[in-house]
Student: 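The structure is given below, and queries will be raised subsequently.
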Amino acid sequence: MENSLKEQIQKEFMSLGRSGSHREMITLCKNYLEDKAILQDQFRVYLYRAIGNSYFYLAEYDEALIWHQLSLDSIDVKDDHLSVAKANVGLGGCYFHKNNLDKATLCFETAISEFKELDDRRGAAFTYNWRGIIYNEQGKLYESLEVNLLAFRGAKEFNIIPLLATVSNSLGLIFFHLGDSEKALHYYTLAAGYNQQTKNLMVEADILNNMAMVYRRQERFDKSIDIFNQAIDIRLEHFPGDIKRLGHCYSNLAEAELNSNKIEDAMRHFINAVECYNKLEDNLEHLQRQYCQIAIAALQMDDDELALEYLHKYDENEKILGTEINKDLYYHSYSVYYSKTKQYEKAIDTLQKFTEIQLLDAKKYTKKAVEDINVRIDFEKKQAEAELYKVKNVELVEANKTKDKLLSIIAHDLRGPIANIVEVMKILVDEGIDEVGTNNILADLLKDTTEVYKLLQNLLAWARNQIHKIEPEFSEICMDNLANEIAKQSDYIIRNKELTVNYSTTTNSCAYADANLVSFIVRNLISNAVKFTEKGGKIVLTTEQIDDHIIISVCDNGVGIPEEKLNTIFEFSTNKSTRGTENEKGTGLGLLLCSDFAKLNNGSLRVNSELGKGSCFRMKLPIMKD
């Protein structure tokens with residue numbers, strides 16, 4: 001091919017490249033490839049590379065990779081260092097955007113070696129910038145700074161304006177990560193000025209994204225969100241195939257929205273980032289960060305289950321990776337979860353782990369970064385400790401109330417009946433009493449002993465639940481058997497008040513619960529019904545099935561419960577319990593235990609009552625499934 005024709009074609013290519021007419025460039029190059037008359041081996045390599053670069057600028061990296069590889073494979077002369085170097089730069093850029101950093105690094109190292117062989121400082125400068133970008137991606141900030149400064153000197157020496165724009169942007173990003181926002185903004189502004197001359201939209205989107213990160217750090221969230229959206233609009237319109245950087249933009253935008261309490265927007269954009277990263281190779285590192293951020297957003301939306309789902313996804317990825325990625329954010333997410341769910345001791349523990357990792361990372365960089373992190377961590381830790389103190393204080397107050405109530409029960413309700421028993425026994429031993437008198441005394445003695453026995457049962461059950469936290473033993477419970485057993489146990493107190501007790505059921509289904517706990521609940525409910533029902537009254541015990549639950553009801557036509565007491569009837573308050581129709585005593589422990597035990601069996605206890613007409617307690621338990 002004549003040199004004049006080659007120069008003409010290259011000028012045409014340069015003109016199309018400056019105007020961003022990459023599709024036209026691809027079409028033109030492919031037309032030349034079909035023209036056998038003008039095609040030579042060296043020029044064919046040049047055309048392959050031009051097509052690869054055009055696809056690269058269109059962010060169609062799979063296509064670009066094919067043509068750059070074709071360019072490398074078509075180099076016939078082994079000592080054609082320049083062509084080898086340029087082909088490797090093209091391949092490295094494609095691998096970087098596909099998130100294959102290992103292959104990208106190998107290509108750039110090869111290119112640098114080839115440029116050094118040629119003493120081509122201009123070509124080396126471009127490649128140093130690429131190498132610095134990878135170092136930055138890997139968190140090797142000082143290595144990135146070193147090679148980017150080499151790139152900056154080369155760009156200055158040859159006045160390469162496009163390279164000055166990208167290197168200035170890279171330097172800004174390094175200083176941003178080193179905690180120096182002022183210096184970062186200086187370099188971003190410098191980059192924007194250089195890019196005004198070349199009007200490279202891809203670089204513009206990068207600069208906008210990076211500037212917005214500084215504003216986000218400065219808590220100028222509205223400005224940050226606006227600029228992130230500008231960067232995203234450019235990428236979606238001109239470079240929809242640049243999935244990696246689009247994912248970064250979505251993730252950065254979502255973090256700004258999360259900080260400004262725009263939770264639903266943040267969640268949507270975190271999900272957009274995940275969708276982008278899922279299309280990348282070696283994407284787990286990027287996904288780990290998003291999973292933690294989504295967990296935090298979910299917690300702010302009061303969706304604890306979704307938060308745990310994404311934290312578990314992090315755990316699954318960590319097993320695949322075999323290494324810890326973004327572990328500081330992981331611990332921070334869990335500290336938020338534990339704080340929200342009032343598990344403050346765990347919150348402080350995970351916050352401490354978060355602190356240790358943050359400080360370890362910060363010490364690699366600047367004193368200012370360490371100070372900033374220390375201030376933030378100290379504030380968050382104090383918040384968690386304050387919340388823990390509040391909870392512990394509330395728990396202490398409740399514990400003291402419980403202690404006082406328990407001492408009151410022991411001092412009054414337990415001591416009184418036992419003292420009566422002692423006195424009665426003295427009378428029987430010391431004084432001569434006829435048979436009728438003895439029978440009356442024994443009847444009173446039996447009544448007092450029965451009350452003490454019931455009280456001791458409740459006290460022991462309550463203490464066991466408080467100290468050991470009872471673990472139910474679930475099994476099949478058929479209500480006919482349970483009702484007959486409880487009826488026998490309650491026969492004496494029922495006959496003594498001449499009450500009628502009816503039992504009916506509309507189901508053959510059985511409950512799935514702890515038989516002893518359910519028996520305790522029903523026995524206490526019947527005892528209460530007896531206590532508050534006048535002589536000759538009626539108690540009805542029924543079981544029925546509603547959906548996938550068994551409903552056990554104990555209803556009476558007794559005195560009923562005042563409306564003001566209904567809301568606190570299942571609480572362990574300092575109020576004395578109400579005496580029964582025949583002055584029967586109680587402690588208030590029974591109903592508290594009934595409610596707690598129902599919950600332990602995955603059920604609930606509810607009450608309806610009307611003063612003067614009676615009460616109805618309904619316990620809901622899960623059904624025994626096949």
Student: Here's one to test your reading of the geometry: is the NZ or CZ of R122 within 45 degrees of the ring axis of F126 and under 6.0 Å from its centre?
Tutor: no

Student: Given the rule in the side chain to side chain contact (heavy atoms under 4.5 Å, CB included) test, do H22 and Y55 qualify, once you have shown the distances and angles that lead to the verdict?
Tutor: CA-CA 7 Å; H22 302 299; Y55 277 121; over 6 Å; no

Student: Does R44 reach the side chain of Y32, with side-chain heavy atoms less than 4.5 Å apart?
Tutor: no

Student: Does D349 come within less than 4.0 Å of K353, counting only side-chain N to carboxylate O?
Tutor: yes

Student: Check whether N88 reaches the backbone of V84 with its side chain - one donor and one acceptor, N or O, closer than 3.5 Å.
Tutor: yes

Student: Salt bridge or not between K140 and E146? Use side-chain N to carboxylate O under 4.0 Å.
Tutor: no

Student: Take atom CD of Q196 as the centre, draw a 6.0 Å sphere, and report whether it contains more than 12 heavy atoms from other residues, nucleotides or ligands.
Tutor: no

Student: Tell me whether K103 at atom NZ has more than 12 heavy atoms from other residues, nucleotides or ligands lying less than 6.0 Å away.
Tutor: no

Student: Measure the acute angle between the ring planes of Y61 and F56, then classify it against the limits of 30° and 60° as parallel, tilted or perpendicular.
Tutor: perpendicular

Student: Closest approach of I243 and C276, non-hydrogen atoms and distance?
Tutor: CG2-O, 2.8 Å

Student: Just by distance, with hydrogens left out, do N53 and H68 show a side-chain donor and acceptor under 3.5 Å apart?
Tutor: yes

Student: As a quick check of understanding, evaluate side chain to side chain contact (heavy atoms under 4.5 Å, CB included) for Q218 and L185, giving each step before the final call.
Tutor: CA-CA 12 Å; Q218 295 173 341; L185 269 180; 4.1 Å; yes

Student: Verify side chain to side chain contact (heavy atoms under 4.5 Å, CB included) between L351 and Y331, making sure each step is shown before the conclusion.
Tutor: CA-CA 6 Å; L351 194 59; Y331 285 130; over 6 Å; no

Student: Within a 6.0 Å radius of atom CD on E264, are there more than 12 heavy atoms belonging to other residues, nucleotides or ligands?
Tutor: no

Student: Give a yes-or-no answer on whether the side chains of N195 and E204 include a donor-acceptor pair shorter than 3.5 Å.
Tutor: no

Student: State whether the number of non-hydrogen atoms from other residues, nucleotides or ligands found under 6.0 Å of K327 atom NZ is greater than 12.
Tutor: yes

Student: Side chains of Y135 and L145: closer than 4.5 Å at any heavy-atom pair?
Tutor: no

Student: Thinking salt bridges, do R235 and D206 make one under a 4.0 Å N-O criterion?
Tutor: yes

Student: For a quick check under 3.5 Å, do D226 and Q230 share a side-chain donor-acceptor pair by atom type?
Tutor: yes

Student: Determine whether L72 and L70 make a side-chain contact, defined as any pair of heavy atoms from C-beta on separated by less than 4.5 Å.
Tutor: no

Student: Any non-hydrogen side-chain atom of D102 less than 4.5 Å from a side-chain atom of L106?
Tutor: no

Student: Scan side-chain atoms only and decide if S170 and N129 contain a donor-acceptor pair under the 3.5 Å cut-off.
Tutor: yes

Student: Do M213 and L173 have side-chain heavy atoms sitting under 4.5 Å apart?
Tutor: yes

Student: Compare every heavy atom of H97 with every heavy atom of L280, then report the nearest pair and how far apart it is.
Tutor: CD2-O, 3.6 Å

Student: Measure up the F96 and W130 rings against each other and bin them: parallel (under 30°), tilted (30 to 60°), perpendicular (over 60°).
Tutor: perpendicular

Student: Quick check on ring-ring contact (aromatic ring centres under 6.0 Å, His included): which of Y330, Y337, Y291 does Y310 satisfy it with?
Tutor: Y291

Student: F239 ring centre to R245 NZ or CZ under 6.0 Å, with the angle to the axis within 45°?
Tutor: no

Student: To check you understand the geometry: which heavy-atom pair defines the closest contact between L150 and Y128, and what is its length?
Tutor: CB-CD1, 3.8 Å

Student: For D265, enumerate each residue passing the salt bridge (charged side-chain N to carboxylate O under 4.0 Å, His left out) test, keeping only those at least two apart in sequence or located in another chain.
Tutor: R268

Student: When rounded to the nearest 0.5 angstrom, what distance separates OH in Y46 from CD1 in I51?
Tutor: 11.0 Å

Student: For ring pair (Phe, Tyr, Trp, His ring centres under 6.0 Å), just list the numbers for Y277 and H248, CA-CA rounded to whole Å, side-chain angles, deciding distance to a tenth of an Å, and then say yes or no.
Tutor: CA-CA 9 Å; Y277 294 142; H248 291 347; 5.7 Å; yes

Student: Please determine which of H286, K279, E285 meets the side-chain hydrogen bond (donor to acceptor under 3.5 Å, both in side chains) test together with N99.
Tutor: H286

Student: Show the nearest heavy-atom pair for residues R216 and S224, with the distance to one decimal.
Tutor: CB-OG, 3.4 Å

Student: How far does CD1 of I232 sit from CG of N252, to the nearest 0.5 angstrom?
Tutor: 8.5 Å

